[in-house]
Amino acid sequence: MHFNILTLFPEMFPGSLELSLAGKALERGAWGYECVNIRDFGHGVHKTVDDTPYGGGAGMVMRADIIEQALLSVKTPGRKIYLSPRGKPLTQAKVKELAACDEITLLCGRYEGVDQRILDAHNFEEISIGDYVLSGGEPAALILMDACIRLLPGVMGNEATPDEESFSSGLLEYPHYTRPAVWEAANGQTYDVPEVLQSGNHAKIKSWREERSLELTKKIRPDLLS
Ligand code: SAM
């Protein structure tokens, strides 16, 4: 899988994706990336990439003509995504869909965002990582990339199987426990591991986990049930 990243801050990549499982997968070529610095296509001595918004208002808007030059420098852009707070939410289902793509181009906005015409002219899909506003699309791109990379074949190794994780079945995941079986916390209280998990009875463990998943989802994310 290959990511092309159109950004004003190429130094933000690969960021944390250089570490751990994603980093190892990068080293062995399971995924790759290339940053295109939009600034390289800027105008004038200052390499300006933005201008004031038509209609007035605060802030600056990234120019369509300059972003287009950056985009056209990518040989095979594949699926084109603009990270944007007004985009469709990034869900696990969407991540699965994207992880099946060979090539994705991610446009990271800054300032007030980008001129609408670049999105219209090149059919960018808008994706949001949540209902809050970041100062730039780069952290959102890194999150989208992380979520996709961990689904690539062989990346997670023996770690969690994606099908059992939160959202895959439509529910949140059950709680996890590990050693010690009895733990005294700094607050003086003793916390035990639920007995059923130590019983070795796989059927009982499975149904305990299903019940906890449902209970947690009802409590924390009832919207997922509807
Ligand atoms: N004026 C925009 C608005 O109100 O929708 C916000 C612009 S924001 C300061 C600058 C850039 O950050 C955006 O162009 C987008 O690329 C990125 N961004 C901000 N919040 C995001 C989110 N929740 N998901 C994805 N990208 C986001």
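Atoms within a ligand are numbered from 1 in the order they appear, just like the ligands themselves.
For the residue pair Gln116 and Asp120, a side-chain donor N or O sits within less than 3.5 Å of a side-chain acceptor on the partner. Judged by distance alone, the side chains of Ser166 and Glu173 never bring a donor and an acceptor atom under 3.5 Å apart.
Contact between Ile127 and ligand 1 is present, with at least one heavy atom of the residue lying under 4.0 Å from the ligand. By the 4.0 Å heavy-atom criterion, Arg86 is excluded from the residues contacting ligand 1.
Between Phe3 and Trp31, the ring planes are perpendicular. Angles over 60° get that label, and only those under 30° would be called parallel.
Distances from atom 20 (N) of ligand 1 to the protein include at least one heavy-atom value under 4.0 Å.
Proximity of Ser128 to ligand 1, defined as any heavy-atom pair under 4.0 Å, is shared by backbone and side chain alike. Under 4.0 angstrom from ligand 1, the non-hydrogen atoms of Tyr82 all belong to its side chain.
Taking a cutoff of 4.0 Å between a charged side-chain nitrogen and a carboxylate oxygen, Glu103 and Arg79 do not qualify as a salt bridge.
Considering only non-hydrogen protein atoms, atom 2 (C) of ligand 1 sits nearest to Glu112 O, 3.5 Å. When only non-hydrogen protein atoms are considered, atom 15 (C) of ligand 1 lies nearest to Leu83 O, 3.0 Å. Considering only non-hydrogen protein atoms, atom 7 (C) of ligand 1 sits nearest to Tyr111 O, 3.5 Å.
Sorted by first then second residue, the ring pair (Phe, Tyr, Trp, His ring centres under 6.0 Å) pairs that include residues 178-226, not counting sequence neighbours, are Trp183-Tyr191.
By the 6.0 Å contact criterion, CD on Glu18 is open, its count of non-hydrogen atoms from other residues, nucleotides or ligands being 12 or less.
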